Every structure is written in C-alpha cells, then in structure tokens.
Protein chains: 2
Amino acid sequence: MSVGHTGVTTEPVVSCGDEHEDCGIREVLDRIGDKWSVLVVVELAQGVRRFRQLQRAVPGISQRMLTLTVRRLERDGLVTRTVHPMVPPQVEYELTAMGHSLTYLVKALTDWSAEHRDAIAQARQEWDAAYPDSGIR
Amino acid sequence: MSVGHTGVTTEPVVSCGDEHEDCGIREVLDRIGDKWSVLVVVELAQGVRRFRQLQRAVPGISQRMLTLTVRRLERDGLVTRTVHPMVPPQVEYELTAMGHSLTYLVKALTDWSAEHRDAIAQARQEWDAAYPDSGIR
DNA sequence: CAGTATCCTCCATGATACTG
DNA sequence: CAGTATCATGGAGGATACTG
C-alpha cells in the first residue's frame, strides 16, 4: 500500500458526498470511539462471556462502565444479553451477527495501528523535539 | 476489503494476544475517536486545503478545535503544514503517505456504518420501546 | 454474581476576544 | 487569513456503597 511520491494513487474515495452533516461516521465513532466498547467487543470476539469474565478480561474497567458499555452495545444490536435464572445469577453476553461483522472493522483498526505505531511514535518524538513546549499532546 | 458479511464466517482473529494493556488500539482510537480528526482527514483526502477551507468544509468546528486537530495530525505525521509567506498568510495542509493510508481505514469505517446504520437504528428503536426509561443512550 | 445508585472530578470541547 | 489566549461547561468516566 505504498502511496509513495507525488503521484496520485488509487483513492479510496472517502467523502461525505452531498451530505451536509457528517456522513454516518459519527454514529460508529460515537460507539467505537469511547473508552471501552472496542475492548469489550474484542473480548467477546473470543466467545461467550459472563459479566465478571468481561471485567477481568478488560483491566481497568469499572463495574459501572462495563454495565453502560454492554447495555449500549446491546441497544445497538451488537450484543445479546442472556439471563440464566439461577443462584448465583448468571448472565451471558455474546456478539450478534452484526457485532461479529464489527470485529472485521476492529481488525482493520488494529492492523493499521500495528503497521504505523512505530512511524507515529517517531513522528511524535521529532515533533516534540522541534516544538518542545507547544502544549500539544 | 468488504467488511460486511452476514452470519458467522471466518473469524478475523482479533485479540490482544498476550498483551496486558490494550494492544495499540487505544493510540489510534484516541486520534480517530475524537470529535473532528476523521472529518478533517476526510476533507484532506480530497486534496490540499487551506485553514479556512477546512473550517468551511467541516461545519461546526471552531477555530480553536481546528487548530488543535490539525496540529495533532501533524504531530502524528499524518498531515503536513506548509506556510507560504505572503500577505494575507497562506497555510496549506496535506495528507502524508501515512495520512493517506488512514483514509482506507476511514473508508472501511464509513462502509460499515452505511451498511449497518439502518439495522442499528432499528435495534435502538426496539430497545427503546422495550425499556422506555432506562437512562441508556 | 451482576448489577444500581450517588457523588465527584477532570478534560475535551466551545465561546469569545485579540493579533501578526 | 491564520492563528493565540482565556475562560467557561457538560458530560464521560471513576470511586464507593448498597442490593436481589
């Protein structure tokens, strides 16, 4: 995917077209852009998980945020929540077909990230060296 | 790069592996997850743009946020900033090769969004109907 | 175990004014 | 035109306690 020099390469034609607003990117971004959704989806991509399993698998997430995150994913039709009436309670979360399709997008995300993290880190170092106290971070 | 399958298909094997942290997703997410970066990148995907051009192309963005956004993109090596010394000042922003490669990811994002926005909207309606005052949004 | 219910904090964003 | 400098604020997220 070398975009190389001056020449125009094959553009992915990403544009908002005639939309006045912001395409529909915001909708997705508002979901995957938050702090935990993607990490929860990544874990659920491995299979069915219970609440505490999820919390242990996503270090640092609070009970409250995990609840909010899975609720929103459920509301969007990306995750199913299955309650098994027993003591102690058992609730299982699982990706829907749509939630599953999202993992392909997430993979694209991680791939791009892995591919460019070094270049980004270097660019940042150079920039920070050039403008030591710019306030930008 | 068709992201949209239906049903269970071959898994993209998206996992954090043995990483304790959160892969490198957070780095990308922190950039594309913010309110404006993606929209600016989308506009710059069309070609070279000046500051005011960008601001007009991205409705709702404040001068301050546009400055911050392009600065951060520049710092990450995704955008170049070229100052032409003249009166009035002229500054041009352009995607780097890496910034360009990001547009493919953004396209995957918009594609997925376009493909599932209806399903998501419907899932939300149904959920909101089932749990009228849940507080979730 | 799987959550609710509160309270609180900080930071991303916004609004406004000024400048080379 | 292309910014900087301040000040203000809302809401995402965190901490803690309690419950069926």
Side-chain angles (χ1 to χ4, degrees), chain A residues 22 26-40 43-44 48-76 79-94 131-137, chain B residues 22 26-40 43-44 48-76 79-94 131-137:
Chain A
D22 52 25
R26 188 74 319 110
E27 287 184 50
V28 194
L29 253 40
D30 284 346
R31 189 77 335 148
I32 73 169
D34 68 16
K35 200 170 177 180
W36 303 110
S37 291
V38 166
L39 299 180
V40 169
E43 179 59 23
L44 286 179
V48 179
R49 291 291 185 273
R50 298 174 56 179
F51 190 86
R52 290 228 69 114
Q53 272 186 300
L54 277 176
Q55 191 170 9
R56 277 188 292 267
V58 183
I61 194 172
S62 66
Q63 221 162 26
R64 172 181 142 81
M65 284 317 294
L66 181 54
T67 301
L68 284 177
T69 301
V70 290
R71 280 295 179 291
R72 291 197 274 243
L73 290 173
E74 190 195 358
R75 175 172 181 256
D76 286 354
V79 159
T80 60
R81 175 175 177 270
T82 311
V83 180
H84 296 95
M86 53 197 321
V87 191
Q90 180 167 336
V91 180
E92 291 186 327
Y93 294 92
E94 187 173 15
Y131 314 95
D133 24 69
S134 61
I136 306 290
R137 293 296 111 101
Chain B
D22 52 23
R26 185 82 308 113
E27 287 184 49
V28 195
L29 252 41
D30 284 345
R31 190 77 336 145
I32 73 169
D34 68 17
K35 200 169 178 181
W36 303 110
S37 291
V38 166
L39 299 181
V40 169
E43 179 58 24
L44 285 178
V48 179
R49 291 290 185 275
R50 297 175 56 180
F51 189 85
R52 287 229 75 115
Q53 272 186 298
L54 278 176
Q55 192 171 7
R56 277 188 293 267
V58 183
I61 194 171
S62 66
Q63 220 162 27
R64 172 182 143 79
M65 285 316 295
L66 181 53
T67 301
L68 284 176
T69 301
V70 291
R71 282 294 179 290
R72 290 197 274 243
L73 290 173
E74 190 194 359
R75 175 172 180 257
D76 286 353
V79 159
T80 59
R81 176 175 176 270
T82 311
V83 181
H84 297 95
M86 53 197 322
V87 192
Q90 179 167 336
V91 179
E92 291 185 328
Y93 294 93
E94 187 174 14
Y131 313 95
D133 26 68
S134 62
I136 305 290
R137 293 295 110 100

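Proteins get letters first, then strands, A, B, ... in listed order; numbering begins at 1 in each. What you are looking at is a predicted structure, and each value in this text was computed from that prediction instead of being measured.
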Side chain of A:R50 only, heavy atoms from C-beta on: which candidate in C:dC1, D:dC1, D:dG3 is closest?
C:dC1
State the pairing partner of C:dG20; accept Watson-Crick or G-U wobble contacts with both distances under 3.5 Å, and report none otherwise.
D:dC1
Rounded to whole Å, please give me the gap between CD in A:Q55 and P in C:dT4.
13 Å
From CG of B:D133 over to P of C:dT4, roughly how many Å is that when rounded to an integer?
13 Å
Distance-only, no hydrogens or angles: does the B:T69 side chain make a donor-acceptor pair with backbone N or O of B:S37 under 3.5 Å?
no
Report yes if a side-chain nitrogen or oxygen of B:Y93 is closer than 4.0 Å to either non-bridging phosphate oxygen (OP1 or OP2) of D:dG3; otherwise report no.
yes
With nearest nucleotides of DNA chain D determined for A:P89 and A:M65 from heavy-atom distances, which residue corresponds to the more 5′ nucleotide?
A:M65
Is there a side-chain contact between A:R64 and the phosphate of C:dG3, meaning an N or O under 4.0 Å from OP1 or OP2?
no
Tell me whether B:R26 contacts the main-chain N or O of A:K35 through its side chain, where contact means a donor paired with an acceptor under 3.5 Å.
yes
If I take atom CG in residue A:L66 and atom P in nucleotide C:dC1, what distance separates them, rounded to the nearest angstrom?
13 Å
Measure from CZ on A:R81 to C1' on C:dA2 and round the result to the nearest Å.
8 Å
Between P of D:dG13 and CG of B:L29, the distance in whole Å
11 Å
Could you go step by step and tell me if A:E92 and A:R49 meet the salt bridge (charged side-chain N to carboxylate O under 4.0 Å, His left out) rule?
CA-CA 6 Å; A:E92 291 186 327; A:R49 291 291 185 273; over 6 Å; no
Round to a whole Å and report the spacing from CH2 of B:W36 to P of C:dG14.
5 Å
From the set C:dC1, C:dG3, D:dG3, return the single nucleotide nearest to any side-chain atom of B:Q63.
D:dG3
Atom CG of A:D30 to atom P of D:dA12: distance rounded to whole Å?
9 Å
Atom CD1 of B:I61 to atom P of C:dA15: distance rounded to whole Å?
12 Å
Among the nucleotides C:dT13, D:dC1, D:dT4, which one has an atom lying closest to any side-chain atom of B:D34?
C:dT13
So which one's nearest nucleotide on DNA chain C is more toward 5', A:T67 or A:P88?
A:P88
Just to confirm, is there a sub-4.0 Å distance from OP1 or OP2 of C:dT13 to any side-chain nitrogen or oxygen of B:R72?
yes
Does D:dA12 have OP1 or OP2 under 4.0 Å away from a side-chain N or O of B:R137?
no
Is A:R52 near enough to C:dA2 that one of its side-chain N or O atoms lies under 4.0 angstrom from OP1 or OP2?
no
Which heavy atom of B:Q53 sits nearest to which heavy atom of B:V48, and what is that distance?
OE1-O, 4.4 Å
Tell me if a side-chain donor or acceptor on B:Q55 pairs with a main-chain N or O of B:R52 at a distance below 3.5 Å.
no
